[in-house]
Every structure is written in structure tokens, then in C-alpha cells.
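So the structure is just underneath, and the comments pick up after that.
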Amino acid sequence: VRHDPRSQWLATWKENINNQSKYMQLAAQSSFKGKSDRSKYNKAARLCEKIVAIRKAYKRALKSKDDETKQLATATWVIDRLALRVGGEKDTDEEADTVGCCSLRVEHFHFDPNSEGGDNKEIELEFLGKDSMLFKQTINFGSDLYNENNGMGIQVFKNLQKLCSKKSKSEQVFDAINPSMLNNHLKQFMEGLSAKVFRTYNASKTLQDELRKKEETGSWNNLTAAQKVVEYNNANREVAILCNHQRTVSKAQETQLESLGTKLTTLSNQRKELKRFLKLLNAGKSEKIRLKKDEKKLAEAVAKALEKAKKMKDKAKTNEEKIKATEFDEKAKLKRKELTELKFSQAHLWEKTPTSDQVIRKLENWKKKITKSELDLKHKDDNKEVALGTSKINYMDPRISVAWCKRNEVPIEKVFSKTLRDKFNWAMAVEPDWEFNAKIANE
DNA sequence: GGAAAGACTTGGAAAAATATTT
DNA sequence: AAATATTTTTCCAAGTCTTTCC
């Protein structure tokens, strides 16, 4: 037993397989952890002020004659603007071959990936990051996004080009520096600054800017709380994309998306048929309009089968009878499924020949349905690989979210789950106009 | 001065709990 | 109430970064 105010752990031991240190620590909702979480975000917030000087410094150093200085500047740009991790060296015999900024190799860079030739300033970066998550993005260094500070993107591109030339594929791009040099370099700008702080800073800043942008749109105040939460999640998504937080698409999700796709095709085919009906009606050929078929008959059969299955189950005493009853029940359910499919496939049809008014009304209805389900599908597809949770738990200052909720009269539980509310208890008391900026660092 | 150890944060998968649809 | 879909929680490995050791 000992008392050591410098450390947070309650117990520590060596795990017997890989000989790694293990710790027992207080839970995330403890005030102890809360305090260090708060200081993490406060440190990142101080960057709001310091970032100007840092960017100015590396802009100049990008053109330095000294290799080390130049590489430090280029790497800092990458960490600041592309939100990469620092990328510590590790033993590739023992561990997975994953990389970050400092350990990037020439083979991870594809210049002019689409062979556009000429003055192309694109690089496709492709590598496995933490947890072997794929990072694959094409960066256009010529775009305004990277050049608002007159020409920095272009300069970085030139540097990277040079750093990759005359090297074999397996050589490191930033061969003159390593993470501890980079972190030491960063310390001169701000006490306690290290590479990871940029991720926290950029994530929090992005969230705040995105949320503010949305609040400034004209119709914002007309939105319901639920609609505002959707916008919050969209902002959260921007952050997750920035940090490359991904999830693998499960088999179930895959099939779900597929079936949504087929549903959509059915709907649009039905709309086409409805249009045809309208023409037929106008031409006085109403007898050619297809009507609903077999639905009632099948519905009755299904009801009967289900009832019978239930009776069989109630009666069954022996195992054999029970098995039979279950089998029958499964068949009945299959039939029921058929019925729903049939119903869906002729949902646009009528029992009796419709009037053109009816057809018009249904057409409008179908149009709405199609737009909605198109949007739904696109949304699902766009987001199937993005994980929002990680940035919410680790990167976005919770006070931004709390203040946003207060300003917009959105209950906090729409945004933070129970555990997150506990974890971020320290952040709950901020004012509605609270801002993530350099001033709050002293709170 | 550089490598290894130690301490703490960050990461997605899978399980579990809830919500929604049928 | 059952089936499905979505969200939350749990789990522990894989990172980062500072301190210690040689």
C-alpha cells in the first residue's frame, strides 16, 4: 500500500501472456477522471489562440533549407490539417503493420492517382492506421481548402513530392524525424502541446463551427427538437469523417440495404404503372387496368394456418408433437411473409377500377414515398461506415454540446446517453452561450 | 541520448438493452 | 407479441506520450 498523488491507478499488475502492464483505474464518471478530461479539452482550447502562430511558423519553415526543420514543418501540417495520428515506430515482427504521420512510407503515397497528368496536385494516401483501420483519401493540395493562407497546400505538395523521390517504396517519408522530436518541437509553441492535441482541437472546433453555421440559417428556429438533433448528428458526422472513425458494415446491414434498394425499384415501377393507368383512363380503356389479385384468398389461408399452428402447439404433449407443431408454425409464418410481399407488390392497385382522381392522388402519394425512401437509403448508405461514438466520447468538448442543447432547448439526453451524461457531469453547468476558445482554458 | 517501461487515452467489435415496425 | 432495427454498454487491445533506465 502506498500513497502517490502523481498517479491515478488503484492497482497494477503484469499480464502474464505478453508481459504488459495492466491497471485498475477509477471509472470515467469519477470526478478524478472528469478533472483530467476537462484539462485535456482546456489544453486543446488554448490552441484556438496559439494555432495562428503555429501555422505562421510552419508556413515559413516549409521552405527551410534544413532537412529536419522542413520535415518537422511538413509533418506538423499533416497532423494539423489531415488530422493524422503521430505514428510511433513499432516492432513490425511482433505487431501489425500500422502507421501514422511519422511512420508513413513512400508506398502509402500515390501521386496523381487518376492519371490526369499536367499540373495535377492530388495525392491518394492509403495506409492502415490504428486498429488496422483503412485510411484512404485523395487530397487535392491545389484546392482552396488547403491554400487559403496563400499557397501552403502547394508548398506541402512540393515537399512531399521531394520527400518521396529517390527513395524505395519501403522507406520512410519523414526519415529525419520521429514522434518525440516532433512533440519536443511542438512544446516551444505551447506548454504541454503534443501531436494528439491537434485532433482534439480540430474535432471540437469543427463541431462548434458546424453547429454555429446551422444555427445561422434562416429557418433554424422553425425546426423541431428532433430535426435539430438530426443536424447535430450531421455535424458529429463531419468530425467522425475528419478523424477517420470507421466501422465495418455487418452482414445484416448489408442485406438490409439491399432490400431497401429492391423496395425502391418496386416503388418506382409502381409509379410507372400508375402513370400508364392514367393514360388508359383518359383513353377510355379502363378495362385494361390491372386489379388486385389473390390477396384476400391468401390472407384467409394464412389466418387459418396460423390458427391451426397455435392449436397444435397448445395440444402438443410429446416431443414429436411439439416438433411437428413448430414445423407447421414455421410454414405458416413463411406464408404470412409471402402475403406481406404480395400486399407490397400490389399496394398501388385497386379492388375495383379506380377513377382518375383516385389515380392522381395515389401518384402524388407514391412520389412522396419514393423521395423519402431515396433519401433514407442514401443517408444509410453514406453513413454505414462512419462511427459517431468515438469522437463523442474522446474528441468533442462536451461543453459545446451542452451549450448547444441549452441554446436550442433540446434535452441533453437526446445527445448524450446515460453513461455519457455521467462521464461529462463536469460539463453540464455551462451557460448557453459558452464557447470553445482560448479564454476558457483558465476556468 | 536512445530504448524500454510505465501510465493513461483512444478504438472498434460484440453483446446487451431499447425502440420501432409488423 | 414477435421480429427487426437501432442505440448503448462492455470489453480489452492498440495507440500516445512521459518518465525511467542503461
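Quick note on labels: first sequence line is chain A, next is B, and so on, each numbered from 1. From a predicted model like this one, the values you see are computed outputs, not experimental measurements.
We find that CG of A:Asn394 is positioned 14 Å from P of C:dC17, with the value rounded to whole Å. Straight-line distance from the CD atom of A:Gln253 to the C1' atom of B:dG12: 13 Å, rounded to whole Å. The distance from atom CD of A:Glu89 to atom C1' of B:dG2 is 12 Å, rounded to the nearest whole Å. Between the NZ atom of A:Lys35 and the P atom of B:dC8 there is a distance of 15 Å, given to the nearest Å. Rounded to whole Å, the distance from CG on A:Asn383 to C1' on C:dT7 is 15 Å. Rounded to an integer number of Å, the gap from A:Arg85 CZ to C:dC17 P is 11 Å. When the P atom of B:dT22 is taken as reference, atom CZ of A:Phe344 falls 10 Å away, rounded to whole Å. Here the C1' atom of nucleotide B:dT22 and the NZ atom of A:Lys263 are 10 Å apart, to the nearest Å.
Annotation: of the two residues near DNA chain C, A:Gly100 and A:Glu15, the 5′-most nearest-nucleotide partner is A:Glu15. Along DNA chain C, the nucleotide nearest A:Gly192 and the nucleotide nearest A:Gly129 are compared for position; the residue whose nucleotide lies closer to the 5' end is A:Gly129.
The shortest distance between the side-chain N/O atoms of A:Lys196 and the OP1/OP2 oxygens of B:dC8 is not below 4.0 Å. A:Lys40 has a side-chain polar atom (N or O) that falls below the 4.0 Å cut-off from OP1 or OP2 of B:dT10. Between A:Ser180 and C:dT18, a side-chain N or O to OP1/OP2 separation shorter than 4.0 Å is absent. The side chain of A:Thr248 places an N or O atom within less than 4.0 Å of a non-bridging phosphate oxygen (OP1 or OP2) of B:dA13. Phosphate proximity of B:dG6 to A:Lys14: present, with a side-chain N or O under 4.0 Å from OP1 or OP2. Taking 4.0 angstrom as the limit, A:Gln20 places none of its side-chain polar atoms (N or O) nearer than this to OP1 or OP2 of C:dC12. Phosphate contact (OP1/OP2 of B:dG12, side-chain N/O of A:Thr390, threshold under 4.0 Å): present. Applying the 4.0 Å criterion to OP1 and OP2 of B:dG11, one finds that A:Arg199 has a side-chain N or O inside that range. When the side-chain nitrogen and oxygen atoms of A:Lys418 are compared with OP1 and OP2 of C:dT8, none of them lie within a distance under 4.0 Å. Distances shorter than 4.0 Å separate some side-chain N or O of A:Asn183 from OP1 or OP2 on C:dC17. A close approach under 4.0 Å does not occur between any side-chain nitrogen or oxygen of A:Tyr23 and OP1 or OP2 of B:dT9.
Residue A:Ser36 is classed as a sugar-phosphate contact, given heavy-atom separations below 4.0 Å to backbone atoms only. Using a 4.0 Å heavy-atom cutoff across all strands shown, A:Ala252 reaches no nucleic acid atom at all. No contact: A:Arg421 has no heavy atom under 4.0 Å from any strand. If you check every strand for non-hydrogen atoms under 4.0 Å, A:Gly87 touches sugar and phosphate atoms only.
Side-chain atoms of A:Ser401 and A:Lys392 include no donor-acceptor pair closer than 3.5 Å. When only modelled atom types and interatomic distance are considered, A:Gln172 and A:Lys167 share no side-chain donor-acceptor pair under 3.5 Å.
Of the candidates C:dT8, B:dA7, C:dA14, the closest approach to any side-chain atom of A:Thr12 belongs to B:dA7. Distances were taken from every side-chain heavy atom of A:Lys380 (C-beta onward) to each of B:dT10, C:dT6, B:dC8; the shortest belongs to C:dT6. Of the candidates B:dC8, C:dT16, B:dG11, C:dT16 carries the atom nearest the A:Val86 side chain, counting heavy atoms from C-beta on. With distances taken from any side-chain atom of A:Lys187 to the nucleotides C:dC17, C:dT18, B:dT10, the minimum falls on C:dT18. Out of C:dA14, C:dC17, C:dT10, the shortest distance to the side chain of A:Ser194 is found at C:dC17. Checked against B:dA13, B:dG11, B:dC8, the side chain of A:Lys33 finds its nearest nucleotide in B:dC8. The side chain of A:Gln256 approaches C:dA5 more closely than any other nucleotide in the set C:dT9, C:dA5, B:dG11.
The side-chain tip of A:Lys352 does not point at the ring of A:Trp350 from less than 6.0 angstrom away and within 45° of straight on.
For A:His245 and A:Tyr395, the ring centers sit closer than 6.0 Å to each other. Between A:Trp77 and A:Phe157, the gap from one ring centroid to the other reaches at least 6.0 Å.
Ion pairing between A:Glu364 and A:Arg361 fails under the 4.0 Å rule for side-chain N and carboxylate O.
Taking CD of A:Gln137 as the start and CD1 of A:Ile241 as the end, the distance is 9.0 Å to the nearest 0.5 Å.
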